[in-house]
Amino acid sequence: MDETVYVGNAGVDGAGDGGWLLGHFMPAGHPRHSTDVEVKWGVHAAGESRSRWATGERRTALLVLVSGAFRVELPDRTVCLREPGDYVVWGRGVDHSWYAEQESVLLTVRWPSVPGYRVEPPVRR
């Protein structure tokens, strides 16, 4: 077996790690371990929101809507992702939060993978 290749399912693999599939937080030596990038398959119930604003961000982030309706709150605007494939990118230093207007699935990519950014689980309103 080639230990540099991993085949899985995003919904299954992410379920135990808050949706995260790849990043510094995976075991060292595992094909899903990376200090360069983090990838998340986020499944959010309608009404779920980030428990608090992310501040002091040191990463760049890309969120791509797979299904549902999802709102990203940024300091100077609100971005509504409504159609599959809608996405938003923001850079380092941009505070943010989010709210799932409908049950939503998103693919998130953040880089680099920086320790210390875990927050409480999302809340439902």
Side-chain angles (χ1 to χ4, degrees):
M1 181 173 134
D2 184 350
E3 294 184 17
T4 62
V5 175
Y6 179 88
V7 177
N9 177 279
V12 173
D13 291 346
D17 291 307
W20 291 103
L21 304 175
L22 191 136
H24 74 275
F25 34 75
M26 296 299 169
H30 194 282
R32 297 190 304 146
H33 176 85
S34 173
T35 57
D36 297 321
V37 66
E38 299 172 355
V39 177
K40 179 180 182 181
W41 183 257
V43 179
H44 302 284
E48 204 172 81
S49 64
R50 198 169 199 292
S51 59
R52 61 182 165 87
W53 274 71
T55 58
E57 183 63 73
R58 296 187 298 167
R59 300 163 299 184
T60 299
L62 162 70
L63 271 70
V64 181
L65 183 70
V66 175
S67 64
F70 200 79
R71 187 172 70 222
V72 178
E73 304 287 342
L74 302 168
D76 63 345
R77 72 174 107 183
T78 298
V79 176
C80 296
L81 307 176
R82 304 233 187 262
E83 298 294 325
D86 284 354
Y87 68 93
V88 58
V89 177
W90 64 85
R92 295 175 178 156
V94 177
D95 298 344
H96 64 279
S97 191
W98 54 261
Y99 176 76
E101 294 179 352
Q102 300 174 1
E103 182 175 318
S104 300
V105 176
L106 293 103
L107 179 68
T108 301
V109 181
R110 298 189 303 203
W111 62 96
S113 184
V114 180
Y117 275 93
R118 266 200 197 265
V119 297
E120 303 83 36
V123 295
R124 292 185 190 212
R125 293 185 187 171

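Model, not experiment: these values are computed from the prediction.
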What closest approach, in Å, do Gly91 and Thr60 show between heavy atoms, and which atom pair accounts for it?
CA-OG1, 4.0 Å

Using the test ring pair (Phe, Tyr, Trp, His ring centres under 6.0 Å), find all partners of Trp90 that sit at least two apart in sequence or belong to another chain.
His96

Trp41 pairs by side-chain contact (heavy atoms from CB on, under 4.5 Å) with which of Asn9, Val66, Asp17, Thr108?
Val66

In terms of heavy-atom contacts, Leu21 and Gly14 come closest through CD2-N, 3.6 Å

Closest approach of Tyr87 and Leu62, non-hydrogen atoms and distance?
CD1-CD1, 3.5 Å

Out of curiosity, does Leu22 fall in the hydrophobic cluster containing Val109 (side-chain heavy atoms, cut-off under 4.5 Å, transitive links)?
yes

For Ser104, give me all partners under side-chain contact (heavy atoms from CB on, under 4.5 Å), at least two apart in sequence or on another chain.
Leu65, Phe70, Ala100, Leu106

With the side chain counted from C-beta on, respond yes when Pro75 and Val94 share a heavy-atom pair under 4.5 Å apart, and no when they do not.
yes

Do Leu74 and Leu63 belong to the same hydrophobic cluster, where Ile, Leu, Val, Met, Phe, Trp and Tyr are linked whenever their side-chain heavy atoms lie under 4.5 Å apart, directly or via other members?
yes

Search all heavy atoms of Asp13 against all heavy atoms of Gly8 and return the closest pair with its distance.
OD2-CA, 3.5 Å

Enumerate the salt bridge (charged side-chain N to carboxylate O under 4.0 Å, His left out) contacts for residues 79-100, please, sequence neighbours excluded, ordered by first and then second residue.
Arg82-Glu101

With sequence neighbours excluded, residues passing side-chain hydrogen bond (donor to acceptor under 3.5 Å, both in side chains) with Gln102
none

Please check this pair: side chain of Ser113 against backbone of Gly23, looking for a donor-acceptor N/O pair closer than 3.5 Å.
no

Salt bridge (charged side-chain N to carboxylate O under 4.0 Å, His left out): pairs with one or both residues in residues 26-39, sequence neighbours excluded
Glu38-Arg59, Glu38-Arg110

Check ring pair (Phe, Tyr, Trp, His ring centres under 6.0 Å) between His33 and all other residues, then give those that pass, not counting sequence neighbours.
none

Taking all non-hydrogen atoms of both residues into account, name the closest pair between Tyr99 and Ser49 and its distance.
CD1-CB, 3.9 Å

CG of Leu81 to CZ of Arg71: how many Å apart, nearest 0.5 Å?
11.0 Å

Exercise: identify the closest heavy-atom pair between Arg58 and Pro115:
NH2-O, 4.0 Å

Spacing of CD belonging to Glu73 relative to OG belonging to Ser97, to within rounding of 0.5 Å:
6.5 Å

To the nearest 0.5 Å, atom CD of Glu48 lies from atom CH2 of Trp98 at 4.5 Å

In terms of hydrophobic clustering (I, L, V, M, F, W, Y; side-chain heavy atoms under 4.5 Å; direct or indirect links), are Val89 and Val64 co-clustered?
yes

